[in-house]
Amino acid sequence: MTTYPEIKLYINGAWRPVAASQPVINPATGEAVGNVPVASAADLDDAVAAATAGFAIWRETAPKARADLIREAAALMRERIDTIAASITREHGKPFEQAKLEVIRGCEFFEWDAGEATRTYGRVIPSAPGVSYIVHHQPIGPVAAFSPWNFPMSQPARKIAGALASGCSLILKAAEETPAGAMHIAEAFHDVGLPAGVLNLVFGIPADISQHLIPNDAIKLVAFTGSTSVGRDLTGLASDHMTSVLMELGGHAPVIVCEDTDVEAAATSSAIRAMRNAGQVCTSPTRFFVHESVFEQFLDVITKRSADTVVGDGMTPGVEMGPLANDRRLAAVTELVADAQAAGATITTGGNRIGDTGYFFEPTVFANVPDTAKVMQVEPFGPLAIVNPVDSLDTAIEQANSVPYGLAAYGFTNRADYVSRMVDRVEAGNLSINTLEASLPETPFGGVKSSGYGREGGTEGLHHYLVVKNVSHSISIV
Ligand code: NAD
């Protein structure tokens with residue numbers, strides 16, 4: 001059994017131990033597994049200086065060389081999968097097998113963006129003889145990136161992959177609750193010889209770090225994944241300095257279940273997906289709008305499959321769902337459940353904390369939740385599924401669009417006309433029909449409305465890390 005790593009800052013190509021620290025808690029036990037350092041203002045200034053110097057080197061590195069190095073680091077992470085996954089399970093709580101899948105997904109993000117590094121094509125605009133107009137895509141500059149705790153390795157991977165593939169340097173503030181995932185990534189890049197300063201990793205007090213880094217003129221892009229409220233604050237701070245932002249924020253994904261679908265299959269798949277990662281996924285299917293003719297059957301199957309979810313310590317084989325990742329989530333989910341009950345919702349399974357050790361919560365299904373319940377508007381980020389009946393597709397779409405979020409949305413139907421109406425009218429950056437997979441490394445991922453700006457992945461994934469320069473060149477002076 002591997003031990004939890006000693007977490008350090010990584011600045012200018014060197015590991016930096018720091019005296020000030022805070023504990024990292026294993027959410028399955030509530031006990032500390034390690035410590036995470038708290039960066040000082042001087043550490044952050046060093047990181048900015050390092051990222052500035054790193055950018056000067058990396059922007060001059062050929063895209064093919066960047067891609068090769070990213071792929072080498074990803075290969076190393078694949079070799080280290082068991083070690084990385086064990087760290088993730090300890091700090092986050094998710095089942096070990098799911099942690100391994102997360103590491104693979106993180107590596108796929110690196111591998112996809114490495115390929116994209118060599119495809120940041122510009123274009124030639126037709127012009128008069130002796131005159132050319134050429135559009136170049138160039139790296140925007142040093143990035144301040146912020147990644148959350150729900151996917152300790154693949155969330156940092158997305159930010160690091162996008163920045164490095166584009167030729168940018170970055171300072172990543174990964175989540176203090178789950179620091180090891182990002183540290184293993186930095187280790188892999190260190191081991192394959194990434195030039196000093198190109199990737200810098202810091203931890204500390206989140207608001208202090210963002211307020212210190214974002215106003216710095218050296219920082220050219222703020223890339224954040226997390227809640228809409230924090231994203232809004234960071235966007236405000238960035239706009240004061242005319243700094244670009246890439247924002248992957250919250251979601252509250254609707255699932256429209258039409259009367260023609262295979263109800264058993266749709267409900268079974270829905271239960272598994274709603275409880276995955278204990279519901280702490282921005283694309284979690286959370287609000288089910290089910291045609292009234294199949295409502296009872298859908299509710300029965302999703303309730304039974306959710307109740308059957310094997311909950312426990314992520315290191316125990318066979319466990320399907322671990323604890324909530326931190327005590328804040330436990331408090332928030334408990335409050336949402338109590339509020340929904342008070343508003344008149346029916347709980348068909350779950351609704352309670354499990355035991356008093358760690359942060360375990362029962363997989364929970366609500367039926368007939370009134371619009372007045374907070375959970376109809378607030379992203380649950382917990383193992384909660386809301387199942388409400390609707391009388392038509394139009395009502396379902398109206399309900400689907402009734403929240404400020406617009407990240408992922410899903411539909412179950414075999415009717416082409418229903419699909420066409422959902423494509424036209426559902427407000428979401430990602431719409432999936434008959435699958436609850438919202439995105440892959442090769443597809444663009446991101447939100448509309450309060451779910452953010454920009455896309456990660458796909459051919460769009462590097463756009464925010466690049467700036468467009470139009471070069472006009474006349475052979476003779478005109
Ligand atoms: P939070 O908004 O306080 O924190 C979310 C992340 O942002 C954390 O990693 C935190 O370190 C970071 N953060 C917080 N304040 C910051 C600041 N001022 N500057 C820079 N970074 C900052 O919420 P939380 O309690 O950790 O998580 C709860 C909510 O966050 C959830 O309800 C969910 O909406 C959202 N969340 C979303 C995602 C996602 O993938 N979109 C991931 C994790 C959390």
Side-chain angles (χ1 to χ4, degrees), residues 22 24-25 27 36 38-39 44 91-94 102 105 143-159 171-179 181-182 201-215 219 222-238 245-253 276-284 286 324-336 359 374-375 377-384 403-408 429-430 438-439 445-447 449-457:
Q22 49 198 22
V24 178
I25 303 295
V36 61
V38 176
L44 298 176
E91 64 188 9
H92 178 277
K94 70 181 68 183
E102 181 189 332
R105 179 51 66 95
V143 177
F146 301 86
S147 61
W149 44 260
N150 55 341
F151 290 93
M153 189 272 181
S154 65
Q155 290 275 21
R158 273 217 126 131
K159 302 276 177 276
I171 304 167
L172 173 71
K173 187 207 81 63
E176 288 69 25
E177 297 88 345
T178 58
L201 179 62
V202 298
F203 304 100
I205 310 298
D208 290 356
I209 295 180
S210 53
Q211 277 164 30
H212 196 88
L213 292 182
I214 295 172
I219 299 298
V222 177
F224 173 79
T225 297
S227 63
T228 295
S229 62
V230 174
R232 196 174 280 125
D233 289 349
L234 300 196
T235 300
L237 192 54
V245 297
L246 169 59
M247 291 282 148
E248 297 288 358
L249 307 177
H252 200 347
R276 190 176 68 108
N277 219 34
Q280 301 160 121
V281 188
C282 48
T283 56
S284 269
T286 42
L324 290 165
N326 53 57
D327 54 358
R328 296 192 308 284
R329 287 320 310 146
L330 186 62
V333 168
T334 305
E335 202 224 305
L336 283 176
Y359 313 130
K374 274 190 203 158
V375 75
Q377 288 292 316
V378 175
E379 178 180 30
F381 235 62
L384 309 183
V403 292
Y405 301 108
L407 191 58
N430 294 75
S439 74
F445 176 71
K449 296 161 69 179
S450 294
S451 292
Y453 310 121
R455 295 293 179 267
E456 293 183 316

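When a ligand or atom number is given, it counts from 1 through the structure's own listing order. Along the sequence shown, residues are numbered consecutively beginning with 1.
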**Message:** Distance check, rounded to the nearest 0.5 Å: L246 atom CG versus E456 atom CD?
**Reply:** 5.0 Å

**Ligand-residue contact atoms, ligand 1 with Q155, heavy atoms, under 4.0 Å** = 40 (O)

**Message:** Let me confirm one number: the CG-CG distance from L234 to L213, rounded to the nearest 0.5 Å.
**Reply:** 10.5 Å

**Message:** To check your reading of the model: name the closest protein heavy atom to atom 8 (C) of ligand 1, its residue, and the distance in Å.
**Reply:** W149 CD1, 4.1 Å

**Prompt:** Can you check whether H92 reaches N277 side chain to side chain, under 4.5 Å on heavy atoms?
**Reply:** yes

**Message:** Assess, by modelled atom type and distance only, whether the side chains of K173 and S210 contain a donor and an acceptor separated by less than 3.5 Å.
**Reply:** no

**Prompt:** Do P27 and E177 have side chains that get closer than 4.5 Å, going by heavy atoms?
**Reply:** no

**Asked** Which residue owns the protein heavy atom closest to atom 1 (P) of ligand 1, what's the atom, and how far is it?
**Response** S227 OG, 3.9 Å

**Message:** I want to confirm something. Looking only at heavy atoms, which of F203, F224, F146, F381 is nearest to atom 7 (O) of ligand 1?
**Reply:** F224

**Fill in**
d(E379 CD, S451 OG) to nearest 0.5 Å is 8.0 Å

**Message:** For ligand 1, which is the ligand I care about here, please tell me if R328 has any N or O atom under 3.5 Å from one of the ligand's N or O atoms.
**Reply:** yes

**Prompt:** Are the side chains of K159 and E248 in touch, meaning some heavy atoms are under 4.5 Å apart?
**Reply:** yes

**Message:** For atom 11 (O) of ligand 1, what's the nearest protein heavy-atom neighbour? Residue, atom name and distance, please.
**Reply:** K173 NZ, 3.3 Å

**Item:** Q280 heavy atom under 4.0 Å from ligand 1
**Value:** no

**Request:** If you have a sec, work out which protein heavy atom is nearest atom 3 (O) of ligand 1 and how many Å separate them, to one decimal?
**Result:** V230 CG2, 4.2 Å

**Request:** Write out the residue and atom name of the closest protein heavy atom to atom 32 (O) of ligand 1, then the distance separating them to 0.1 Å.
**Result:** R329 NH1, 3.6 Å

**Prompt:** Any side-chain heavy atom of R276 sitting closer than 4.5 Å to one from V281?
**Reply:** yes

**Request:** Report yes if E379 has an N/O atom closer than 3.5 Å to an N/O atom of ligand 1; otherwise report no.
**Result:** yes

**Request:** Using a strict 4.0 Å cut-off to heavy atoms of A207, name the atoms of ligand 1 that fall inside it.
**Result:** 17 (C), 18 (N)

**Asked** Which residue holds the protein heavy atom closest to atom 22 (C) of ligand 1, what is that atom called, and what is the gap in Å?
**Response** P206 CB, 3.5 Å

**Message:** Tell me whether atom 40 (O) of ligand 1 lies less than 4.0 Å from at least one protein heavy-atom position.
**Reply:** yes

**Asked** Does the side chain of R105 reach to within under 4.5 Å of the side chain of F151, using non-hydrogen atoms?
**Response** no

**Asked** Considering only heavy atoms, does S229 approach ligand 1 within less than 4.0 Å through its side chain, its backbone, both, or neither?
**Response** neither

**Prompt:** Given P148, C282, G204, which has its nearest heavy atom closest to atom 9 (O) of ligand 1?
**Reply:** P148

**Pairwise side-chain contact, L324 with P383, heavy-atom cut-off 4.5 Å (strictly under)** = yes

**Message:** As an exercise, identify every atom of ligand 1 less than 4.0 angstrom from a heavy atom of E176.
**Reply:** 11 (O)

**Request:** Below 4.0 angstrom from a heavy atom of L249, which ligand 1 atoms are there? Numbered from 1 as shown, please.
**Result:** 41 (N)

**Asked** Does G251 have a non-hydrogen atom less than 4.0 Å from ligand 1?
**Response** no

**Message:** Using a 3.5 Å cut-off on N or O atoms only, is T225 in polar contact with ligand 1?
**Reply:** no

**Asked** atom 19 (N) of ligand 1: which protein heavy atom is closest, and how many Å away?
**Response** S210 OG, 2.8 Å

**Value rounded to 0.5 Å, distance of CZ in F203 from CD in E176** = 7.0 Å

**Item:** Proximity flag L234 to ligand 1, non-hydrogen atoms under 4.0 Å
**Value:** yes

